[in-house]
Amino acid sequence: MQLPYSEPYRIKMVEPIYKSTMEQRKQWIKEAHYNLFNLKSDQVYIDLLTDSGTGAMSDRQWAEIMLGDESYAGSRSFQKLEAAVKDITGYRFFIPTHQGRAAENVLFSAMVKEGDIIPGNSHFDTTKGHIEFRKGTAIDCTIDEAFDTDLYHPFKGNIDLKKLKKVFDENPIEKIPFAVLTVTCNTAGGQPVSMQNIKEVSALCKSYGVPLYFDAARYAENCYFIKEREAAYKDKSIKDIAAELFSYGDGMTMSAKKDGLVNMGGFIALNDEEVYRTAITFNIMYEGFITYGGMSGRAMGALAVGLYEALDYDYLASRITQVQYLGEKMAEFGVPVQKPIGGHAVYLDANKFVPTIPREEYRAQALAVELYIVAGVRGVEIGTILADRDPVTRENRYPELELVRLAIPRRTYTHNHMEYLAAALHRIYDTRNEAKNGYRIVWEAPIMRHFTVKLEKIE
Ligand code: F0G
């Protein structure tokens, strides 16, 4: 008999979390204008808003905190991090930033101009935001299979090569400064991209002279899926798989708050010296000197260690098995979830869960609010509110998928928490037909509205 996967670590420190009542939560969410971002963390029992910067560091990472060198320029901590990034990615140049979107800001300042087109696989919202802010256009070339939540496809983050080629053929190539491949693809449901697809995308980009950059926030989880699902990689180490993955691109932006296993941090790594030279000036303006870029020395040290820990097979197996366990348990109860279960999160399919709530009333948001009220669990809407308005017509963009993401922080919650979550969803699913009304927006920001939107319940 094969023994089940269990965590390759034990707990040395605990953080108490508060269990509130349903009456309290009804009041709090109303005060928060039905926007889960507005809740105080103490009003949340299990916080699945994001897996970004919410994980637990290891004893070795905490030891690095004490070893941090806080020199402004050329610190030992910077050197440790630079060595780790170059060792893992193989890229020639490295620029630290304070988080992932800061890396996008710095790199895109150097590379994106008005009228540019950046194709990719369901760009993350800050990526798209940084493109649209510069009056560029992000074109989604994800395979159609990604939008059918019931369909099994091992690599739903893949790019459709025909769609990508069409973008290359139908636009002046000098308007396409690069293509971006997000591994794993968060917006498509934490779905991985296959090495085969990465290779093909890379070859197509090369044939048109278009550089390829990775949004590598969850690259280690992507490498785990490649090892598990692509036969040629089953005997390769995660680190070797990562090295091959990066070798097909020209550079990357990284939110280290995910697969860097730290609470704050990010970076750019790349091969093009000219882009590097331009980008470092923006880094100094926006982030800080080129040897810290918004991170403290101790944070860089902890990241240098975290990057290696995230490549450990046993860690990745226990992490992804935990997410899968939760998703499969919910599916057993009939709860409609995106399949296969992604790397960092379980995605509830609100179109199937609460079709009784009109799309114009933000059904995924309505489901996320209900989960908070019933169980004190905070997820996040990945639907119409997140999709924002069309920058030209200002009309709501209705994405094909209306999802609620339950992102699991790394090394943070236990198996019992997963049981609790599955039971809470089971309860909501049993009463789903009673849900009729959603929400209307009473205030929104002109861009990236989902963080600050104010909503009102439609009675
Ligand atoms: N790229 C991807 C794929 C992401 O998921 C994120 C952040 C970023 C870039 C930006 O990185 O937050 O460090 O500035 N995703 C978080 C999330 C916020 O909840 O999925 P950041």
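One-based numbering, in listed order, for ligands and for the atoms of each. All values below come from the heavy atoms of this structure, side chains included, with hydrogens, waters and symmetry mates left out.
- Checking only distances, T182 never comes within under 3.5 Å of ligand 1, N or O to N or O.
- In this structure, R363 is not positioned above the aromatic face of F353 in the sense of NZ or CZ being under 6.0 Å from the six-membered ring centre and within 45° of the axis.
- In terms of protein heavy-atom proximity, atom 10 (C) of ligand 1 is nearest to T126 OG1, 3.6 Å.
- Considering only residues two or more places apart in sequence or on other chains, P211 meets the side-chain contact (heavy atoms from CB on, under 4.5 Å) condition with F178, Y213, D250.
- Heavy-atom contacts of E104 reach the following atoms of ligand 1: 9 (C) (cutoff under 4.0 Å).
- Across R410, E7, R411, a single residue satisfies side-chain contact (heavy atoms from CB on, under 4.5 Å) together with R319, and that is R410.
- The protein non-hydrogen atom at the shortest distance from atom 7 (C) of ligand 1 is K258 NZ, 2.5 Å.
- Around atom 21 (P) of ligand 1, the closest heavy atom drawn from H98, H344, Q99 belongs to Q99.
- Salt bridge status for E70 with R298: present, with a side-chain N to carboxylate O gap under 4.0 Å.
- Near R405, with a cut-off below 4.0 Å to any heavy atom, the atoms of ligand 1 are 17 (C), 19 (O), 20 (O).
- Close contacts of ligand 1 with K257, meaning ligand atoms under 4.0 Å from a residue heavy atom, involve 13 (O).
- Judged by the 6.0 Å and 45° rule, K227 forms a cation-pi pair with Y313.
- Between D51 and R218, at least one side-chain N (NZ, or NE/NH1/NH2) sits under 4.0 Å from a carboxylate O, which counts as a salt bridge.
- Every atom of ligand 1 is numbered from 1 in the order shown, and the set under 4.0 Å from a heavy atom of G100 is 11 (O), 13 (O), 14 (O), 21 (P).
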Steps toward side chain to side chain contact (heavy atoms under 4.5 Å, CB included) verdict (K454, Y34) | CA-CA 7 Å; K454 288 184 180 174; Y34 299 100; over 6 Å; no
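- Given atom 12 (O) of ligand 1, the protein heavy atom at minimum distance is R101 NH2, 2.8 Å.
- Considering only non-hydrogen atoms, atom 1 (N) of ligand 1 lies nearest to D215 out of D215, D125, N105.
- In this structure, the side chain of S77 engages the main chain of D69 through a donor-acceptor pair within 3.5 Å.
- The nearest protein atom to atom 13 (O) of ligand 1, hydrogens excluded, is given as S255 OG, 2.6 Å; this is a heavy-atom distance.
- For ligand 1, the polar-atom distance check finds no N/O of L49 at less than 3.5 Å from any of the ligand's N/O atoms.
- The nearest pair of heavy atoms linking M448 to D388 is N-OD2, 2.9 Å.
- From the protein, the heavy atom lying nearest to atom 8 (C) of ligand 1 is F124 CD2, 3.4 Å.
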